[in-house]
Each structure stands twice: as C-alpha cells, then as structure tokens.
Protein chains: 2
Amino acid sequence: QTTFEEISASDFFYRNRDIAGFTNPSRAIFAAIRELVENSLDAAESLRIPPDIYVRLSYEGGASKETQIFRLRVEDNGIGVLPRHIPSAFGQVLFGSKYKLKQQRGTFGLGGKMAILYGQITTHQPACIISSTGMAKIYIYKLMIDIQRNRPLILDRKVLINKEQWKGTIVEFCLEGDYFRAMPKILDYFKQTAMVNPYANLTFVDPKGRLYRFTRVTREMPEPPKETSPHPYGVDVELLQRLIQITPYKNMLEFLRNHFHRVGEITARKFLEFSNISPSKNPKKLSHEEIVKLMHMLKRFKEFLPPDASCLSPLGEELLKAGVLKELKPEFVSVNRRKPATYAGHPFIIEVGIAYGGEIPKKGSFMIYRFANRIPLLYDEASDVSVRVINAMNWRRYKVTPDMPTAILVHICSTKVPYKTVGKEFIADRPEVRREIANGLRETARQLQRFLTRREHVDRERKR
Amino acid sequence: QTTFEEISASDFFYRNRDIAGFTNPSRAIFAAIRELVENSLDAAESLRIPPDIYVRLSYEGGASKETQIFRLRVEDNGIGVLPRHIPSAFGQVLFGSKYKLKQQRGTFGLGGKMAILYGQITTHQPACIISSTGMAKIYIYKLMIDIQRNRPLILDRKVLINKEQWKGTIVEFCLEGDYFRAMPKILDYFKQTAMVNPYANLTFVDPKGRLYRFTRVTREMPEPPKETSPHPYGVDVELLQRLIQITPYKNMLEFLRNHFHRVGEITARKFLEFSNISPSKNPKKLSHEEIVKLMHMLKRFKEFLPPDASCLSPLGEELLKAGVLKELKPEFVSVNRRKPATYAGHPFIIEVGIAYGGEIPKKGSFMIYRFANRIPLLYDEASDVSVRVINAMNWRRYKVTPDMPTAILVHICSTKVPYKTVGKEFIADRPEVRREIANGLRETARQLQRFLTRREHVDRERKR
Ligand SMILES: Nc1ncnc2c1ncn2[C@@H]1O[C@H](COP(=O)(O)OP(=O)(O)OP(=O)(O)O)[C@@H](O)[C@H]1O
Ligand SMILES: Nc1ncnc2c1ncn2[C@@H]1O[C@H](COP(=O)(O)OP(=O)(O)OP(=O)(O)O)[C@@H](O)[C@H]1O
Ligand SMILES: [Mg+2]
Ligand SMILES: [Mg+2]
C-alpha cells in the first residue's frame, strides 16, 4: 500500500540542502558566511547606516580528515530584530521581512536559517542570537530549529539593560566544514563585497587568527531602493485575486491607480476603456472570467508606462569605476550603465565594466566578476547568463582576445533578481537580461578598442 | 517598522516558479507534461505493470501574441491514488509518496502540484483528477490549490461504479503557454523517454491533432528498485535523532543492524568496539555529545561495506545498446556500466554510451543525451556535470573529434539523484559522480578508437 507523507519547508531544504547551496563541507562554510553577511548589509542599509560588519570564524575542534568544527560569529550595526520576531526570523524557514517588491539582497526568507540548520545538523549545538533595535533592552536567545515542524525551539532567553544604546545583531553558531578549501572563495567574497559596497566596513578574523580589514572609502550611502507595486505586465490571476481580496478601494479606477506601478488616472481610464470595464465597477464583484480577461487585457494594453527604475539603487558609474580602480588597478577602465528594462514586469538595471592591463593578470581567459543587488556571485560561472553572453560575443571585432589581461564586471539590480537556484549562485538566461548585458558589453568593448587603437598609434609614433 | 511575514511552501514556489522550472510560457508547457508523465511512469512501475500513458494537449483558445490556452490531459494505467489522498497528492505542495530512500523519478513532492498551480494562475480553471486503484469505485475530484495556505480546495467530488475494474489515474487541467516554441523539446522528451523505457507505450496527441505513438518493444520490465536504509557514511545528527526517536530497538547492536544499509551483526559489533560504545546501550539514552560522537565514528570507521547497488535498477547494457540502435541507428555503439559508487552515502550507478556514424548527423559538436533515473534531461546542458566532463576530456588521444558524427549518452541512477535545481534540469558537479562519468567515457572512447582504427585499416586494404 502506498504511504503518503507531508514534510515541512525546513525538512524539504534539509533533505535537499545542496539545492540551497550547502553542497559540501567547503561550500557550506562559504554559504553560511555569505548568508549572514548579506543579512547584515541589508539590516544596516535599511536604516541608511554605513554598515560595520565583523565576522569571526574560530577553530573549535577536529572532526574528520578534511573537516573541522568552527564557531562562526557575525556582528553588525544594523536595524536589529524585535524580540517577538527573533525566534521565527532565525528558526522558521520561509519567514522574513523581505517578501516585498523591493531591491534587497535577501528574497527567499531562508538563508540565515539554512546556515543555522547546517550548523545544527553537523554539531548539534544551538545558535545564539543577540539583538537590539537601540531601545532599552538587549535580547539574547539560544535556539535550535525543529526541522520536522519548521519551528524554533527556544532553549534560553535573557534580557539585558542596553546601557550604551547599542543597535545591531550578533549571530553565533558552530558548524563543521572545510575552511581551508573554502578560504580563497571566502576572501574573494569579502574583497568583491567591499568593491561594490565601498561604504561598508568589513572585518574578517579567520581560524588562524589572521585579520582581514576592508575599510570603507566613503560614508556616503547610495540612494536607497524603494518598495514598489507590481507592474501590469507581470500580472497573473493569483496576484490579481490577492490584490482584489485586500483592496480597500471600491471601484476599478482607484484599484488600478493604487495597486499598480506607474498607473495614473489618465492611463487607468484609457485602460478601462480599452478593456470595456466600467471605472465604477467594484473589483470585489469581478467574476472569475472577468478576472482572467482583466489579466489578458493588462498584458495586451500597449500604453502602460514602462517600469520606472527610480525604485532601484544601481551602483552608478562613479562607484563602479572607483571600485574597479581600487581593487584591480588597471590601466584602463570603461563602465556602461544601461537604461532600465524589465522582465516579467520586474524592473532591472544592468551595469557593465571592462578593465584592461595594469595589475590585471594575463590568464588566457577573461576574469569575470558577477554581481546581483550588490552581492558577488562566485560559483557556477559557466551557467550564468552573463558568461553565456561573454562566450557568445564576437570579441575579435573589437580587437579584444581572451589572452589579453582583461576583466569584465556585470551587475544586475532588480526588485527580483532572476536567480536560477535557491543558493543564489547564478542568474537565469532571460532574453531581456541577456539583451541588456550584450548591449552593455558591446559599448564597453568599443571603448576598450578605442583605447587599444590609440595606444597602438602612440607606440608606433614613439618607435619612429 | 519592519514587518515580517511567513509564507507557505506553495506560496514560495509560486513566487519563485522559475526555480521550479516554470521559467517562461514555452518551458512551462514542457515542464507540465514532463512532471505528469514522470508521475505516470512511477505509478505503473510501482506495480511492475508495463506503462500505458496517453497525453493529449488540445487547443482551447488564444491568449496573447505568443501564447495560447491549452488543455492538458494525461492518462495512465498505474497504481492509482486512494480518494482520501487525492486532494493532498494533487493540491498540497511537499506532499507525496516518494519521500523514501528508493530510486524513483519523483523525489520532491512538488512536480504535479507545480503543473496544476501554473495552470491555475494562468487560466483560473480547476484541475480534474480521476483515479481508481482497481477497486469497486472510481473517484473524480475537481480541485484548485489555495496557494497562500498550501491546501487543496475541493470544488467537486463524484463517485462512479468501476464496472470494468479500471486502474489508473487521469489528470486534466488548462494552462497558458507557448506550445510551438516548446514542441521540439516535447517531442525530444517523448523520443528519449521511449529510448530508456522501452517497455512503455507513450501516445501524444498535439494541438494540431497529430498523433505521435511510441510503441513498446518489450513487455519485460527491469528488476524493480528497492527501498533501502541510509548508509553510515551519509549520516548527520538530525538523521540519527530521527532514527533514535522512532526506533523500537532497545540496544545499539540492534539499532545499527536494522537502521543502516548493509550493517550486519559482525560489522555492528566491530564498529561498537571501535567507537567504545556498549552493544547493550539504549539508543534513546544517548546524550547530545554521544550522538555527535556517534556521527563522527560512523564516518570514520573504515570497515563498513560500500553501498550495495542491488537496491538500484540501472538500464543495463543490453537495454541501453538496444535503445541507441533503435533511436540513433549508428554504425557503431559501445556502452559501459560502471561499478556502483556512492556520494554522501547514496549509492549510484553511471552508465555511458558512445554511438558513431550511421544516421547520426555531423553537427560540429557531440550530440549529448543525459538521463537520470530514466528521465531525459533536456535543458541547461552546459551546467551539467556530464557536459563539463565531456568538455574537459582530451578526446584527441582517442582520435575522436567533435566534428565527427558522434553521440554520447550518460545515465545516472541513484536513491537520490544530485539534481542542482528543483526543476530537475541538470546534475550537480559532485566529485564522485564526475569521476565515474569520466572513467565510463574513457572506456567507451577507447572502444570507439579501436573501431575507427580497424575501419581505417580496412579502408586502406580496400584501396590497394
Ligand atoms: N543581521 C540581521 N539584522 C536584522 N535582521 C535580520 C538579520 N538577519 C536576519 N534578519 C531578519 O531575519 C529575516 C530572515 O533572514 P533570512 O536570511 O533567513 O531570509 P531573508 O534574508 O529574508 O532572505 P534570503 O533567504 O534570500 O536570505 C530577514 O528577512 C530579516 O528580517
Ligand atoms: N499518475 C499518478 N498515479 C499515481 N500516483 C500519483 C500520480 N501522480 C501523482 N501521484 C501521487 O502524488 C504524489 C505527488 O506527486 P508530485 O509530482 O507532486 O510529487 P512527487 O512525484 O512525489 O515528486 P516530484 O516533485 O519530484 O515529482 C506522488 O508522490 C504520487 O504518490
Ligand atoms: Mg538572508
Ligand atoms: Mg512527480
């Protein structure tokens, strides 16, 4: 007889943790660090505070021939977490504050918990969360995850007086992993994070006690991203039903104006006329067929304004150039920021940079740096859309060849980065994204070609 | 103030449906068909019945410039689903019968529901499930998924007398998609499924009413896979705790012998001596530290028997050769089945085939066919571990070049296929898997080289 089972979301990601990026002991250390650092960066940026993040990975004991037990501690000066939210924020999978339509690093409600879960299943030790929102108290929780029920288990709870009005969060737990194999990637991660977040202080103390400091070069924060509404082109029936269910508006005109991105009164009236829907119709009175028709009309109507990327916060050409100059010290750098575009109704901006010569090593192939919402992506390069574009491009027509000392940078920011995997390893091959990256690369390649041609002339002149 | 939300598993996969393979309108049609066909194949094989699967995709109406509304109906002669399980099996994400340690196509408890969910959010129509386990009644359910609560909504339920003692399942729903772009991949999918499942009858009627029949070439079913126990090398603390919680055994000797793969009395006693644990110790009395120590000892003990692949059901050299000859009609074919190996305690078997000449087209690059647990994998080739191995291999030393008319087949069967994505698109680059594929390819490449060399001699002789 067939026996059926239901499993919780945490059980699903426990059983399939390589789908969440925790593939092996060395990647697990990397994944744990990156998930916590990204949470801390989001936390500080949500208050427009220049982030101060301190990461310490210390040696706790041996485990096997290739793995050791480490204690990971990440401390930040971010917004903190209220005590009533701490257990679920760190102990319940698919729980978080980033389920909004807004450019942030976090998006799944899963990352921090996966790190804690991995620590728990390899060391059976609880995680310790210390946090304060700057109020009178500091809260200390010791918790584990009940993986089968997807629920936090609070082992201990303490309250301290917040004498110095500290604000921030400290996450600490033990995990088993292979640091020494992961080390190059972890140091790369910090280096590249510093490159695209130059307003952040990052400190990393590794198991050998070595201190790596990435000091901020500016306290100036970029324009923060804003939460936005869904764009009509990205709509499906489920989304419409949810909007209809929660809307306080009693007519279609107000419904459209208030729930959709860049739909003003004029556009709304034109659309309602186009779709033959009365402006005074109550959205809650739409029948099922009318909802489906509304969805098709929203996709078919050609006069909706394209998504406005003012809700996004790109790096900016200044910052990208400065980061490249500082980290790669090239002879030449050219950056190009594409106009905002969309995929599936989500606005996104592609920024591309090409750097040549100077301290960039000749490697036989381009050095490729990929970023999404200011997160460096360091694994599975071959699968990423930008690498596919780079490989498909005819570089020779720009007189550029892979054996030249060249580095290419691609950054995408969006309200929803089209990650292909839960582990945020690479970007899916979406045609709209591919097109923007290709155009950006052509533009910067053209600039590089111009530089190389000029330099060739200068050299020839010198030889005469 | 930071607002937190929890979302259900179905809401997570609705918001991130491209992570589950439903990336765009053409891939969605492909994904829906493949998820349902794989469910039907599993259902028939679980009873060792040669599968009869009938798939009809019919045109329902227009939707947009590039997409149409289709009705998809998949009918099988499998084991059927009991009425009390139908609503959750088809309407609750992370619910299923395949959460066991057994080689099956299904593994996540998600695929069928994603197809139904996608249909629902594009057409707002319910799904119809008709099933009988061969008993006196046939049950007809009309249901939708409450995506926010991850629960089935039963709209209608009928019971019919099962006069002809029919056994099987019919799943039918509407969805919007781009069939014409998906068509080549869908036909490929049926063709390759028939190739590695030659005991199955597959019938596909497309929207234009064209009939594609893939008739079985044998009624003989392969040895079925068996459910097995976890291997000591794949153990973590959570798994140990769950076993300890459910075990009826009151001493460590019985606990080890009964819950672990290929651990007999002698091995168990040796292990307990090695780890300094008393054979009569009650597993439920182990302290937390002792559980962690037990896990490390299980990984460190060198005398556990390697996983026994008798629980697996590989294609077999006969079948693989016959499938290749029938579908590709080559001049030469060589197959190689590797010995069983393991990754993370999971047994797996790699089977490789190389085919040359005959009707294989010269394409400038190898034609690559990838399979996992008898499922053809048709997307994201570049990311797959087998393609990485193929690209990294030095083919010239076997006198084989990509411009030759050559096809390469790789099949992996395992109690847990290391898919990198929830959409089962490609296999993760696990070192143990990579090694077996590389060895298999070298062996078959050697055979091909021998054939080409002999043929070259014959040609030279003929010219004299
Ligand atoms: N250092 C921190 N400071 C403040 N809030 C935090 C911190 N770390 C986690 N949180 C809160 O806990 C929630 C859950 O974090 P988690 O990493 O599990 O998911 P996420 O960041 O929302 O999404 P993702 O899975 O993409 O990382 C966050 O949404 C955030 O509200
Ligand atoms: N045609 C069918 N015949 C019999 N049982 C079925 C059929 N289709 C689905 N089921 C049952 O419904 C369950 C859920 O199917 P679903 O496709 O959602 O998940 P799964 O097959 O278990 O895993 P995966 O997500 O990997 O496909 C299956 O485990 C199976 O028990
Ligand atoms: Mg996070
Ligand atoms: Mg399935």
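Order of the sequence lines sets the chain letters (A, B, ...), proteins ahead of strands, with each chain counted from 1. Every heavy atom of this structure was used, including side-chain atoms; hydrogens, water molecules and symmetry mates were not.
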Contacting region of Tyr14(B) [heavy-atom separation from chain A under 4.5 Å]: side chain

Toward chain B, the part of Thr421(A) with a non-hydrogen atom under 4.5 Å: both

From OG (Ser10(B)) to CD (Glu238(A)), nearest 0.5 Å: 8.5 Å

Considering all heavy atoms, the nearest Met295(B)-Thr122(A) contact: CE-O, 3.2 Å

Which portion of Val292(A) sits near chain B, non-hydrogen atoms under 4.5 angstrom: side chain

Under 4.5 Å from a heavy atom of chain A, the part of Gln245(B) involved: side chain

Heavy-atom proximity to chain B below 4.5 Å, by part of Leu82(A): side chain

Among Thr123(B), Asp236(B), Ile291(B), residue most engaged with chain A (heavy-atom pairs, under 4.5 Å): Asp236(B)

Under 4.5 Å from a heavy atom of chain B, the part of Leu240(A) involved: neither

Minimum heavy-atom distance Ile69(A)-His296(B), with the two atoms named: CD1-CE1, 4.2 Å

Interchain contact, Arg27(B) with chain A, by part (heavy-atom threshold 4.5 Å): side chain

Contacting region of Gln241(B) [heavy-atom separation from chain A under 4.5 Å]: side chain

Atom of Ser97(A), atom of Thr2(B) and distance for their closest heavy-atom approach: CB-CG2, 3.4 Å

Contacting region of Ser8(B) [heavy-atom separation from chain A under 4.5 Å]: backbone

Ionic contact status for Lys420(B) with Glu425(A), cut-off 4.0 Å: yes

Contacting moiety of Ser64(B), where chain A heavy atoms sit under 4.5 Å: neither

Heavy-atom proximity to chain B below 4.5 Å, by part of Thr23(A): both

Side chain, backbone, both or neither of Val93(B) within contact of chain A (heavy atoms, under 4.5 Å): neither

Chain B contact via Lys100(A) - which portion, at a heavy-atom distance below 4.5 Å: side chain

Aromatic plane relationship, Phe4(B) with Phe95(A) - under 30° parallel, 30 to 60° tilted, over 60° perpendicular: parallel

Nearest non-hydrogen partners of Arg300(A) and Ala63(B), listed with the distance: NH2-O, 3.3 Å

Nearest-0.5 Å distance, OH of residue Tyr99(B) to CZ of residue Arg15(A): 7.0 Å

Atom group of Glu176(B) that falls short of 4.5 Å from chain A, counting heavy atoms: side chain

Phe13(A) ring center near Phe12(B) ring center (under 6.0 Å): yes

Separation between NE2 of His124(B) and OG of Ser287(A), rounded to the nearest 0.5 Å: 8.5 Å

Contact leader toward chain A among His288(B), Gln120(B), Gln92(B), where contacts are heavy-atom pairs under 4.5 Å: His288(B)

Shortest non-hydrogen separation from Ser383(B) to Arg388(A) and the atoms involved: OG-NH2, 3.5 Å

Region of Gln148(A) that comes under 4.5 Å of a non-hydrogen atom in chain B: both

Lys416(B), part contacting chain A, at a heavy-atom distance under 4.5 Å: side chain

Region of Phe108(A) that comes under 4.5 Å of a non-hydrogen atom in chain B: both

Among Asp18(B), Ile147(B), Leu239(B), residue most engaged with chain A (heavy-atom pairs, under 4.5 Å): Ile147(B)

Gap separating the CG atom of Asn16(B) from the OG1 atom of Thr107(A), nearest 0.5 angstrom: 6.0 Å

